[in-house]
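Being a predicted model, the structure only gives us computed values, none of them experimental. Lettering follows sequence order; numbering is per chain, from 1.
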Number of protein chains: 2
Amino acid sequence: MDSPRRTTIYDVAREAGVAASTVSRALNNPRRVNPATRDHIVAVAERLGYRPDPLATALQSGHKATIAMLVPDITNPHFFGTIRGAEKRASEAGLTFILANTEESADNERNRIERLSRSVDGFVLAASRMEEETTRELARDYNLVLVNRQVRGLPSAVVDNGAGSRQVVEHLASLGHRSLVYLSGPHRSWPAAQRWRALRAAAEAHGMAARRLGPFPPRAEGGGVAADAGLGAGATALVAHNDLLAIGMLRRLAERGVSVPGQVSVVGYDDIFGADLCVPALTTVAGPQEEAGRAAVELLTRKGSLSRSQPAPQQVVLPSHLVIRRSTGPAAP
Amino acid sequence: MDSPRRTTIYDVAREAGVAASTVSRALNNPRRVNPATRDHIVAVAERLGYRPDPLATALQSGHKATIAMLVPDITNPHFFGTIRGAEKRASEAGLTFILANTEESADNERNRIERLSRSVDGFVLAASRMEEETTRELARDYNLVLVNRQVRGLPSAVVDNGAGSRQVVEHLASLGHRSLVYLSGPHRSWPAAQRWRALRAAAEAHGMAARRLGPFPPRAEGGGVAADAGLGAGATALVAHNDLLAIGMLRRLAERGVSVPGQVSVVGYDDIFGADLCVPALTTVAGPQEEAGRAAVELLTRKGSLSRSQPAPQQVVLPSHLVIRRSTGPAAP
DNA sequence: CAACATTTGGCAATCGCTTGCCATGGCACG
DNA sequence: CGTGCCATGGCAAGCGATTGCCAAATGTTG
C-alpha cells in the first residue's frame, strides 16, 4: 500500500542483532535455530509488528498461499453455496481467495487461468465450460480441481445428482405419474448430462416414459419456452434442469392458468435460495454445495503437498436428495 | 505454478538481442524506446509467449494490480449485486479481485485488511462493521473505499435509502396507514440508521406515527421475533430492515394466520433475488447495488492515480426507489 | 586432550522485474 | 567543424524474502 514503509526482515534482523537469514529461519523453520535466539527474534518481530511480505515470499519460494476460483456466473444463486464453502475453507487454511467470473465462456476461463497462473497456487473450476481435452491439457501446467464436473484423471468434487434424480422418479411414480419430461440445461453442461442419464435410467426401471427437451438457458427467462415445450409434450411431470428454470416455468404456467401441481408437477434442481419462497414452493433436488466447495479447496491444498506420493487424483462425490415441497402432486388423470 | 519454467524478460531480451531493461521499457513505457526496436521486442515477446510475472512486478514497482473486497456475509443475497458489480469493474480494469468474508465481525475485517495489505492496492469495504474512528485510522495507512456506509473524509459509494424510504411512507400514507413500525437491523448498521432517519422524518411530515423496534438479526430467522414484536406494537404497517427479515416476517405472519396485506402491510429493503417469489410478493426499496460496486472500484482506481491532486475524497450517492408488489395494501380499519 | 560430529548463524545468490543514472551516437546549430 | 542536446539503450542496484553452502562454536567421544 502507500504507508510510509513497512518493517522488513532486515529491520528485525538489525534490531535483534542477527542476520536476516536467521530471522527467516526463526520464523519458518524454527528447529533450525537455537531456542533462545528464536524466542528473542520472535519477540523483536512481534514488537516491531513485522509481517512477511507475501509477494516477496512468493517470488522467492514459489509458494503463493493463494488460490483462485472461477465461476461461470457469480449472479447465479446456484453457486453461492459452493463459493461460500470454498472461501471458508481457503480462509481457514490461510489462503487468499481470488474470485473470477467467466461469464459462461470457455475462452474466458482459459484466459483467466493463464492470466492468474503466476499469482496463484491453483484453481477451483466451478461447473467448467471447457472441453475435456482442453481441461486436461491445462491440468498439465496448472493445479486444477473441478467442482460439479468430472473429467477423467482430474481431481474433482461433485454433487451426485444420481441419487436425487432417482428419488425424483420414485416420488413421481408413487404419485401416479407415467411420464416425465426433462427440460435440459446447456448443451455442454456436465450436470445436465448426468441428470438426464439418471432420470432416464430410473424412469425405465419404473416403467415410466421419459423425454428430454431443450437445451434451454438455465435461467428464469428460459422458463417461458421451457414450460410451453413441456406442456406441448403432454407429460404430467416437468423436471427442470435447475431451480431458476423451474421458477421461470412456474411463472409461465401460472400465466397460462395451468395449475401446479393440479394439472402438472414441477421439479427443480439445486434447492437455491428462493426455492421455498415461490408459489407453489418448489420440489427440488438438494445437494451439499457448500461441502463441495470445501472439498475442492481441500483437494487443491492436499494435492500440492503430496504431489509426488499421490498419483491418483481424488474424486469426491457427495450425495444429493429430494426435497419435497408443493409443486409436485398426484398425476392428473 | 509447477510448470517447467515460464519465459522471463531475460529470455526475451536474449532472443531479441537487447538488454532486459529495454524489454521492460518497450513493454511498459513504449515511448522511451525506438519504434523499430520496440516492434521487434514486442514481436519476440509475443512469439515466446512472454507474460510478465505479476508478483515480481508488484514487488519492485509496488503496483499490485489487485484489489480486495471485504463482505460481512457472502451468503447474504443482498451483497450479490455489489459483489458482481465490483468484480466486473475490476476485471474490466485488469485488476485481480480478492473476495473475503468477514463474518459480520469488525475484528475480522481489520485483520483481513492487515493481512492482505501487502498484496493489494486497496480495499472495497462493503457494509463495514468497523467503528468510524477505526476506519478512518486504517484509511491513513491503506486505500479504502466504503460501500453502503459513509464516514466523513472517506470515499464511498452508497445507495441512498432516503428517497426509497420517503416513497415507502408516501405509499403507506396514501393507503391510509396512520402508523408504521421499523424493525431495525444490527445496532451498528449504517443503513439501518439511515433508513430509520428517513422513515421517521417522512412519517412526521405525513403526520404518521413511527416507532422503531429491534435490533433484529437481518436474516430470515430474525423474522419470527420481529413479526411478533411488530404485531405487538399494534401498527398496520411493518417496515423491515431488509428483505431477508421481511421474508421471515411473512412466514411468521402466515403461521399466525395474519393476512398480508389484509391485516398488516409489510415492506422490505434491497429487492433481493426472491423478493418477487415469496407470497405475497414483497413491496421493497430497490437500489442500484451493482452500480454501487462498480463505483466503489472506480473510486479506488481513480484515487490511486490522482492521489496528489485530489484531496477531497469522492462520495458517490445513488438513488433508490420503491418497488410496489403485493405485500402492501390499504390499512385495516 | 585430540579428533570428529553436530549445531548454529552468516554470506551471498536468487526469484523476475523496474528504474535511476550513465554512455553513446546522431543531429542541429552557431 | 566544434559544441551541446536529445534520443536510445545498457548497467546495476534494488524490491523482501528464502536457502545452499560454509565457518565458527559447541558438544561428544576415544
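With rounding to whole Å, A/R118 atom CZ is found 7 Å from C/dG16 atom P. Rounded to whole angstrom, the span from the NZ atom of A/K64 across to the P atom of C/dG16 amounts to 10 Å. Atom CZ of A/R31 is separated from atom P of C/dT6 by 15 Å (rounded to the nearest Å). To the nearest angstrom, P of C/dC17 lies 12 Å from CZ of B/R14. If you measure from atom CD of A/Q60 to atom P of C/dC15, you get 8 Å, rounded to the nearest angstrom. One can place CG of B/L55 at 12 Å from P of C/dT18, the figure rounded to the nearest angstrom. Atom-to-atom, NE2 of A/H63 to C1' of C/dC15 comes out at 16 Å; the value is rounded to the nearest Å.
For B/S24, no side-chain nitrogen or oxygen approaches OP1 or OP2 of C/dC17 to under 4.0 Å. Between B/N28 and the phosphate of C/dT18, there is a side-chain N or O to OP1/OP2 separation shorter than 4.0 Å.
Under a 4.0 Å N-O distance rule, the pair B/E298/B/R89 qualifies as a salt bridge. A salt bridge is absent between A/R84 and A/E87: the closest approach of a Lys/Arg side-chain nitrogen to an acidic carboxylate oxygen does not fall below 4.0 angstrom. With salt bridges taken as basic N to acidic carboxylate O contacts below 4.0 Å, none links A/K88 and A/E92.
Along DNA chain D, read 5' to 3', the first and last nucleotides having any atom under 4.0 Å from a heavy atom of chain B are D/dT8 to D/dG16.
Considering every non-hydrogen atom in both B/F123 and B/R112, the closest pair reads CE2-O, 4.4 Å. The minimum heavy-atom distance between B/S117 and B/E114, with the atom names listed, is OG-O, 3.0 Å.
If you run salt bridge (charged side-chain N to carboxylate O under 4.0 Å, His left out) between A/D53 and each of B/R115, B/K64, B/R118, only B/R118 comes through.
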Are any protein N/O atoms closer than 3.5 Å to N/O atoms in nucleotides 10-12 of chain C? If there are, list each pair with its distance.
| unit_1 | atom_1 | unit_2 | atom_2 | d |
| --- | --- | --- | --- | --- |
| C/dG10 | OP1 | A/A19 | N | 3.4 |
| C/dG10 | OP2 | A/A19 | N | 2.8 |
| C/dG10 | OP2 | A/T22 | OG1 | 2.3 |
| C/dG10 | O6 | A/R25 | NH1 | 3.3 |
| C/dG10 | O6 | A/R25 | NH2 | 2.7 |
| C/dC11 | N4 | A/S21 | OG | 3.2 |

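One end of the helix from C/dC1-D/dG30 to C/dG30-D/dC1 points its axis 40° away from the other end's axis, with each axis taken from 5 pairs and the angle rounded to 10°.
Mapping B/T37 and B/A56 onto DNA chain D by nearest heavy atom places B/T37 at the nucleotide closer to the 5' end. Both B/S61 and B/R38 lie close to DNA chain D; mapped to their nearest nucleotides by heavy-atom distance, the more 5′-ward contact belongs to B/R38.
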Would you sort out whether A/Q289 and A/H78 count as a side-chain contact (heavy atoms from CB on, under 4.5 Å), showing the intermediate values?
CA-CA 8 Å; A/Q289 303 296 346; A/H78 165 55; 3.7 Å; yes
Apply side-chain contact (heavy atoms from CB on, under 4.5 Å) to the pair A/R149 and A/E132, showing each step before the final yes or no.
CA-CA 10 Å; A/R149 164 108 190 244; A/E132 290 216 358; 3.7 Å; yes
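Remark: side-chain polar atoms of B/D11 are paired, donor with acceptor, to backbone N or O of B/T8 under 3.5 angstrom. Between the A/T102 side chain and the A/V71 main chain, a donor and an acceptor come within less than 3.5 Å of each other. Not one N or O on the side chain of A/S105 forms a donor-acceptor pair closer than 3.5 Å with the backbone of A/E103.
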